[in-house]
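The structure appears right after this line, and notes come after that.
Order of the sequence lines fixes the chain letters, A, B, ..., with proteins taken first and strands second; residue numbering starts at 1 for each chain.
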There are 2 protein chains.
Amino acid sequence: MVVADGVIDFGTGLDEAGQMATIKDVAARAGVSPATVSRALSGVSYVSPGIDARIRKAVADLDYTPNRLASNLRRQSSMTIGLLISDVKNPFFAAVARAVEDLATQHGYSTVLCNSDDDLVKERRYLDVLLSERVAGLIVTPADEHASSIAAAVEASVPVVCVDRRIVDADADTVLVDNIGGVGHAVDMLVNGGCSRIAIVVGREQTTTATERVTGYRDGLRRHSIPVDEALIVHSDVRGGDTTALYDDAEGRLGAVIRDENPDAVIITNGPLIPGSLAAITRSGRTVGTDIAVIAFDELALSEYVGLTTITQPTDDIAGQAVRLLLERMAGDAGPSREIVFRPKLVERASSVLTARP
Amino acid sequence: MVVADGVIDFGTGLDEAGQMATIKDVAARAGVSPATVSRALSGVSYVSPGIDARIRKAVADLDYTPNRLASNLRRQSSMTIGLLISDVKNPFFAAVARAVEDLATQHGYSTVLCNSDDDLVKERRYLDVLLSERVAGLIVTPADEHASSIAAAVEASVPVVCVDRRIVDADADTVLVDNIGGVGHAVDMLVNGGCSRIAIVVGREQTTTATERVTGYRDGLRRHSIPVDEALIVHSDVRGGDTTALYDDAEGRLGAVIRDENPDAVIITNGPLIPGSLAAITRSGRTVGTDIAVIAFDELALSEYVGLTTITQPTDDIAGQAVRLLLERMAGDAGPSREIVFRPKLVERASSVLTARP
DNA sequence: TTGAAAGCGCTAACAC
DNA sequence: GTGTTAGCGCTTTCAA
């Protein structure tokens, strides 16, 4: 409430005894029953205008805020959605987290953040907590396509939407990007630019994201009748959030491949792998965009500055659709599960064109 | 429970009727009272070994998980901490969020994520929700040093720890970095490298972070007897998470200053301002590290790759201390408020040394 | 349209 | 050391 010219009184909602007002206090002050107050405030059923006004006045007078804990227990559901992702430090997931949180808030839900590091044990533990908190819904990037713990959540009939990755054990709504097409497009661009020994740096195998991106790579090469050389497929199996480990791993493995296999292009299949991969290229004495072409999945803050060609995912749209699907399920939609696939955008910059062609 | 060679049964915890087991069910099965079950599981008071074993067996048999909603209501507190930051898309905050969430989880707390965009109205709304959810504690980056809504939380005696920024209206524990010293160090390095017209790009004025960093700049110049030229201080007042707006704003404003004032160095005072600032430099026809030196606060994924000298904050330590202080307060510590200041680390790379000195 | 009453599942006094 | 009892604050039957 505004007290005087711009001064806002942020009351504490406490009475003289330091107690929060309850629905009973409001009811007493408005001369009605707690049930009526509940109905008036939740809007579930009609309350006559006079009574309604009295209730609102009492609410204002007492600075009443409903106690969510009580409401939660009674309804056996909290107004929260669980967001279980691999790691918020990954800019892709950060963008998703941001968009999910914004939309959840707009619909009255809080967002509980969980970072699984793609660790099935952690994932399971988070899910346990989330379920025991009776979250209204779940947005998850499964650590493994056979993510049995997520299947359990689905069976416990908590609405679940998978983002970025699929699961095969249960059917859940899924929102992701056309990984095969995205990488395929990158392969096309590189081949058309004259590259023929294209290496690819891939994250953990257990996610559908990683496997699909490799499939896109194989399919792409096949389309151009270029044989797949398994030695050019660089697997990093570092898990989750350890930036340094990821960096070192990508640098080491790709560095070796560059030395031994002499690729003329590299596709980096996710954001966290980019720094180490670029370092590997530099330390091998190559120059990105001059004697080795590079295309990377995901956008980093400085991708544009360094002229890195990227396959960019529409994070806002992905999160938007995920929340929309989740809200529909939470509203009781029991239809068959849906999958929404976005086409990633190839943002062409200097790194994907070789200037030092012979 | 492991059923057979590696197969794990993730039971749903439902009985034949599809109902979750309650503490009463466990009590009945173990032949004790619900209170004893509660005590055994929470460990608050001694329970004789035999009974304890029976209880644990019953818990396992029924696949019982305590209902947190009930526990929350009874205790008038949820096992949740509120994390109210400006924007998770900012890598600094993402790193803090990650570390906070990890530690919170280790101590049995869930983390609710809120992005305020440094908007006082949003901040207030989030705080209202968080308080009505009876969070056990709050970790906040106040949008404004006169953040009355946070003061209200402090008065409602919810433990609060401020991170990255101070508030002046209330006393709350605070964990941050020595901004003045950090920027001062950067100024020293630039001046010692021969720069004398040092521009600085600063974020919103209302946060203590921004003002302190400018103070560090002024103090630094004064130490070297270089007069402060106000025209070299570039203020961006874009708020919160709009990456594009920040980019454009920083680029436009710094671009103008480079054209008009011909600085030989730029200090960029936070991560989100870096891309636009670097773009401004490039588009003005200058080259970072050749004819214009650059030092930037905060680390980005590609800072090392582009050779950007940075003033790096120890995000894990910051978050670690914030959580530690918060846990102490939640445990009832009512001592005077504390402030923990970390020294940022100057990571010297190519951008801060001018190679094209006459 | 409104009220009375029950109860969500747990925990904390207080007894024994 | 364990049981009994009461009640956290709300929502939702059910009845009037």
Side-chain angles (χ1 to χ4, degrees), chain A residues 13-15 17-55 58-59 62-79 108 129 131-134 136, chain B residues 13-15 17-56 58-59 62-80 108 129 131-134 136:
Chain A
L14 303 181
D15 70 5
Q19 291 301 302
M20 278 272 190
T22 72
I23 202 169
K24 269 173 124 174
D25 301 327
V26 175
R29 192 169 232 270
V32 295
S33 75
T36 305
V37 175
S38 174
R39 288 189 276 248
L41 298 183
S42 71
V44 286
S45 76
Y46 185 82
V47 174
S48 48
I51 291 194
D52 188 77
R54 259 155 55 209
I55 289 174
V59 166
L62 297 174
D63 206 353
Y64 169 72
T65 317
N67 183 325
R68 284 203 176 204
L69 303 186
S71 164
N72 289 346
L73 174 60
R74 179 58 237 231
R75 298 182 311 101
Q76 281 302 314
S77 166
S78 61
M79 289 296 282
V129 173
L131 294 184
S132 84
E133 283 173 345
R134 302 291 190 277
Chain B
L14 304 181
D15 69 5
Q19 292 300 302
M20 278 271 187
T22 73
I23 201 169
K24 269 173 125 173
D25 301 328
V26 175
R29 192 167 233 270
V32 295
S33 75
T36 303
V37 176
S38 174
R39 287 188 277 247
L41 298 183
S42 72
V44 287
S45 77
Y46 186 81
V47 174
S48 48
I51 292 196
D52 188 76
R54 258 152 59 209
I55 290 174
R56 301 204 178 272
V59 165
L62 298 173
D63 206 354
Y64 168 72
T65 316
N67 183 326
R68 284 204 176 204
L69 302 186
S71 165
N72 290 345
L73 174 60
R74 179 60 238 235
R75 300 181 310 102
Q76 281 302 311
S77 167
S78 61
M79 289 297 282
T80 302
V129 172
L131 294 184
S132 83
E133 282 173 347
R134 302 291 189 278

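- B/Val32 is listed as a side-chain neighbour of B/Val37, based on a closest heavy-atom distance under 4.5 Å.
- Ion pair B/Asp52/B/Arg56 flagged as a salt bridge, since at least one NZ, NE, NH1 or NH2 atom sits closer than 4.0 Å to an Asp/Glu carboxylate oxygen.
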Which letters describe nucleotides 8-16 of chain D, given B = protein heavy atom under 4.0 Å from base, S = only from sugar-phosphate, - = neither?
BBBBBB---
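- As a whole-Å value, the separation of A/Ile55 CD1 from C/dT1 P is 14 Å.
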Intermediate values then yes/no, side-chain hydrogen bond (donor to acceptor under 3.5 Å, both in side chains), B/Asn72 and A/Glu133
CA-CA 9 Å; B/Asn72 290 345; A/Glu133 283 173 345; over 6 Å; no
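- Atoms CG (B/Leu41) and P (C/dG9) sit 16 Å apart, rounded to a whole Å.
- A donor-acceptor pair is defined here as one N or O able to donate and one able to accept, closer than 3.5 Å; such a pair exists between the side chain of A/Thr22 and the backbone of A/Lys24.
- By the 4.5 Å heavy-atom criterion applied to side chains, B/Leu131 and A/Thr65 are not counted as neighbours.
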